[in-house]
Protein chains: 2
Amino acid sequence: MPLKKTSAQEITLSVIKTACSNCNLQELCLPYGLNETEMSKLDELVSTRRKIKRGDHLYRAGEAFESIYAIRAGFFKTDVLLEDGRDQVTGFQMAGELLGLDGISTEHHSCNAVALEDSEVCIIPFPRLEGLSREIVALQHHFHKVMSREIVRDHGVMMLLGTMRAEERLAAFLLNLSQRFTARGYSHAEFYLRMTREEIGSYLGLKLETVSRAFSRFQEEGLIAVQQKHIRILDIPGLKKLMTHQSA
Amino acid sequence: MPLKKTSAQEITLSVIKTACSNCNLQELCLPYGLNETEMSKLDELVSTRRKIKRGDHLYRAGEAFESIYAIRAGFFKTDVLLEDGRDQVTGFQMAGELLGLDGISTEHHSCNAVALEDSEVCIIPFPRLEGLSREIVALQHHFHKVMSREIVRDHGVMMLLGTMRAEERLAAFLLNLSQRFTARGYSHAEFYLRMTREEIGSYLGLKLETVSRAFSRFQEEGLIAVQQKHIRILDIPGLKKLMTHQSA
DNA sequence: GGGGCACGTTGACCTGGATCAAAGGCTTCC
DNA sequence: GGAAGCCTTTGATCCAGGTCAACGTGCCCC
């Protein structure tokens, strides 16, 4: 149901629920820093949602690029496929994060986005976003920051893949998840992994067995408690130390 | 020497030389797709240059971010430093490419940019670029594409670091350089490397000895001719095959 | 134009993580 | 509720690339 500008008295519960101006992810997502008037303009733009079932694709590499997506709820992975069949997970995305920025470049998506649990995204038609960000300085600037942040994040992953040993990579991965869950108001010490050992390994440039062994080792050393996908982090400073101090 | 707006008859040779509208890198750089009027507006913005000597920094991690830079001539590397002293080269940049996009995110540069040969950059004050890209749709759109391209490039490097073996990485690296030199009108088969084996290794997540051995191996197999920094590519299909076919 | 030094090559050996293999536990879907 | 299959763990072995070491080379600066 597409949504038109509404006066105050016409606002229904469902409208309230679907507007950026009422979204509790504002601070993490695209609307960051907008005033009320600006926010309501953005509301008009971001009016449709899409639910994606666990295991389904939000988009696939090669498809025409039309929109970016803000994750309203759920958890995704993005991955890239090489001609010879090898693939790699390039990232895991959670609520408030944007998907699809890779597609702007060629006007075709360059990776696959797959839901790792039942999820919902806000659809942001890209040409209209460009239009609005010509009007709203704060939106333009924040969008640029978000793209830049993605570049910085990728440099961090390159660093991880290029210089860290297996256990350092996994420690960095867990600390990163912990920090992102914290920013969303969840426990920083206890969470369910949405992805398999193989997907973690793919992201970290390791084989699934190595990931599994590293988890076991962390458990032996009292750094974490693992049971399958359920993780409890017991010693954050310990993990940090392991990450930086190991191979000086 | 800062440059002010000039009327037609005031234009000197040095001004002509320094304008985007007369730059032969237009097609690769920021002005791509602009009409004449738009180009002249961009000329006003991109009015100062800076020369950087081999080995000098264009900017350092932590410095306040104010401008992005378009490489007018020369060759750069960017690298990131970890607290424990480990570092990694995150990219090599050549004429027509932009530097500094990582700084938008936090308003501080997140990596170092170092000239690998005597170089010259055009300084593009970022707030003014944002201003102009609110006026010029084509500029806005192209800038978004450039940032997105950087994200896609980084995913390619992650892929390389995460899934490829040493010789595949080096083959991918050589083919990428070859293709970028070609786009700039240089020979696709013969070039001087501006970086050391150690810098190549850092970028590719390998040790310098491994890079050196891989070069020797390629030479034995007749794929390339190497003498120190001078490279001649003899068998592009061979390198491509090696890149994809190896570990299927 | 010569001396020093950073860069590059090559060899020998070692090791972290890949690979191969097998068995046990969850989840999911009839 | 039961069975099938996926996911995970753990062990044994292997090897690509790292590490250590020594030597060669060419470039740059005085």
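Hydrogens, waters and symmetry mates are skipped; everything else that's a heavy atom, side chains included, is used. Letters A, B, ... are given to chains in the order of the sequence lines, protein chains preceding strands, and every chain is numbered from 1.
- A distance of 6.0 Å or more separates the ring centres of A/H108 and A/F65.
- Map B/V211 and A/T210 each onto its nearest nucleotide of DNA chain C; the residue landing nearer the 5' end is B/V211.
- Whole-Å rounding puts the B/L193 CG to C/dG8 C1' distance at 12 Å.
- An OP1 or OP2 oxygen of D/dC7 is reached within less than 4.0 angstrom by no side-chain nitrogen or oxygen of A/R197.
- Contact annotation for B/G201: no contact, since no heavy-atom pair falls under 4.0 Å across all strands.
- Contact annotation: B/K229 side-chain N/O to C/dG8 OP1/OP2 distance is under 4.0 Å.
- Annotation: A/R54, atom CZ; neighbour count of heavy atoms from other residues, nucleotides and ligands within 6.0 Å does not exceed 12.
- If you check distances only, the side chain of A/Q227 never reaches the base of C/dC26 with a donor-acceptor pair under 3.5 Å.
- If you check C/dG8, C/dG17, D/dT9 against the side chain of A/R165, the one that comes closest is C/dG17.
- With the nearest nucleotide of DNA chain D identified for both A/Q228 and B/K207, A/Q228 has the one nearer the 5' end.
- Of all the heavy atoms in A/M158 and B/L161, the pair that sits closest is O-CD1, 3.6 Å.
- Listed pair A/R213 / D/dA12 fails the phosphate criterion, with no side-chain N or O lying under 4.0 Å from OP1 or OP2.
- Between C/dT9 and B/S212, a contact under 4.0 Å exists linking OP1 or OP2 to a side-chain N or O.
- Neither OP1 nor OP2 of C/dT9 sits under 4.0 Å from any side-chain N or O of B/S216.
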